[in-house]
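We number each residue from 1, following the sequence as shown. All ligand and atom numbering here is 1-based and tracks the order in the structure.
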Amino acid sequence: MRLSVFGCGYLGAVHAVCMAKLGHDVVAIDVLPEQVTELAAGRPPFHEPGLPELLAETLATGRLRFTTDAAEAADATVHFVCVGTPQKKGEYAADMTYVRAAVADLLPALKPGDVVVGKSTVPVGTAERLLETIQDAEPAAELLWNPEFLREGLAVQDTLTPDRFVYGAAQRDGVPTAQATAAMGVLDEVYAAALAAGTPKIETDLATAQLVKVAANSFLATKISFINAMAELCEATGADVTRLADAIGYDARIGRRFLNAGLGFGGGCLPKDIRAFMARAGELGVDQALTFLREVDSINMRRRVRMVDLAREVCGGSIVSRRVAVLGAAFKPNSDDVRDSPALSVAAQMQLQGAQVTLTDPRAIDNAKKKWPDLQFADTVEEAVRDAEVVVLLTEWQEYLALDPAALREHVAVPRMLDGRNCLDPLAWRAAGWTYRALGRP
Ligand code: UDX
C-alpha cells in the first residue's frame, strides 16, 4: 500500500521504517531538512536498537523515502500523523502546533477515499476537531485514531508486533459510520501481518481511542510512583522496597512489571502525558478525577531530591566541592534520550549545589552536553570515577550492572556507591568494601 508518514521523530521514523519493512511503499515527511537528510542517508538521529539495520534494509528496497515536501503525500492513500506533542513552555498542556501544522500540510494532498490515521498523543477532543478540518477539505476522506504504545529501546519490536491495536472511528448512534468502517478496512490491510498473527484489536469511538493512550501512560506512571511511595515508607522503617515489590508482584492482579523503585520515571512521554492529561481534565471540568496524578508527579519528583540528599548524607552533610561520578544520563537504558531524564536532572542538581560532577553514559553524552554543558563528561566509567568520593548510578545500563566492585574500587578515592535504580547486589558491593546505599533499601 502507499503510505505517508508525517513527522520523522521517534514515533514517525520508526513507524515509517517498520511500514516499509512490512512491504508498504512509504514517503516520510518532516519539516526539518537535517532530520530528512540524515534519515535518507541511513543515519537515524537518535539511538534505537535495530533501527539502523532496518533503515538500511528498507532504504535499499526503494520502498522508503524521506522528504520535506508534503505534496509528495498525494501519491499515498493512508497518511499517518506521527508528529510530537511536547509540553507547552510554562504550562501543563500539550503543544498542538505540530499536529495542526502537519494536518494543514496534508490537506491539499487528500483525495476521496484517503484515510488519515492519528498516532500522536493528543488531548481528548483533538481528533473530533481534526476530522471536521479534514472533511471540510475533502468530505470523502476519513480520520481514524490509532494510538501507539511503543517503548524507546524496543520501538521496532513494539511497532512490528504490538500487543494490541486500538482503532478509534467516528460513530453515529454507537456504530461506526459507513465511511469510518471502510477506513478501518483499509487500516486492517496496512496491519494485515500482525492482525493475521492474532494481535488483538479494539474498535471504539474517537474519544476512547485518544484516552486509551493517556490512560495507559497514567497507569504506568502511577504504578512506578506507587512503589516509590512505598520506598519512602521503607526508608522510614528500615524495610526493603525491592523485596516488597517481589512479594506483592507475585499476585497476578498486581504483577511485578513496572514496580522497580528508584529514581522514578522520565523521558519524552510519561511526565508530559500525565501533565497534559491533568490540564485537559481541568478544561473538561473533571480535574478532580485526575488530582491523584498531581501526587504521582510529586512522588516522582521527590525521588530526585532524595537522591541528592542521599549523596549529601553519605558525604557527611555537604556535597560542596565533592568529586561525584555519575553513571548514566539517559532517562532509561538502551536510549540516548535525555528529555526529562531523572539521571541528568540529579547530576545537574548536584553540580548546582556545589559538587564537582563527572558524568558518563554509553550513548547519551552528546545529548547531555547540549542540555548541561557545564558538567564534566567522561567517555568511560574508569575515567568518570577516577578519584571520586562518591559514585552515583542513575541509569541501569547493562554494563553498569556488570561492573566489578573490587576492580572499580581501585579507581575511586572513597568507595561509596549510591544505586539510584536498585539494580546492584548490595551484598557484593559491601563485601568488596563499598558503602552501598540505595533508595528504599536499608
Ligand atoms: C512509555 C510507555 O511505556 C510507552 O508505552 C509509551 O508509548 C511511551 O511512554 P518510554 O517513555 O519509552 O515508554 O519508557 P518506559 O519504558 O515506559 O519507562 C519510562 C520511565 O519509567 C523510565 O525513566 C524508566 O526508568 C522508569 N521506570 C520504568 C521506573 O522507574 N520503574 C519501572 O519499574 C519501570
Could you tell me whether Arg386 and Glu383 make a salt bridge, using a distance below 4.0 angstrom between a side-chain N and a carboxylate O?
no
Those residues at least two apart in sequence (or on a different chain) that pass ring pair (Phe, Tyr, Trp, His ring centres under 6.0 Å) with Tyr167 are none
Kindly state each residue pair satisfying ring-ring contact (aromatic ring centres under 6.0 Å, His included) with at least one member in residues 241-277, sequence neighbours excluded.
none
Let me know which protein residues bring a heavy atom to under 4.0 Å of ligand 1; chain then number is fine for ordering.
Glu148, Phe149, Leu150, Arg151, Glu152, Lys213, Asn217, Leu220, Ile224, Phe258, Leu259, Asn260, Gly264, Phe265, Gly266, Cys269, Leu270, Phe331, Lys332, Arg421
Do Leu270 and Phe331 have side-chain heavy atoms sitting under 4.5 Å apart?
no
Residue list, salt bridge (Lys or Arg N to Asp or Glu O under 4.0 Å) with Arg339, at least two apart or on another chain:
Glu152, Asp337
Is any side-chain N of the basic residue among Glu235 and Arg437 closer than 4.0 Å to the acidic one's carboxylate O?
no
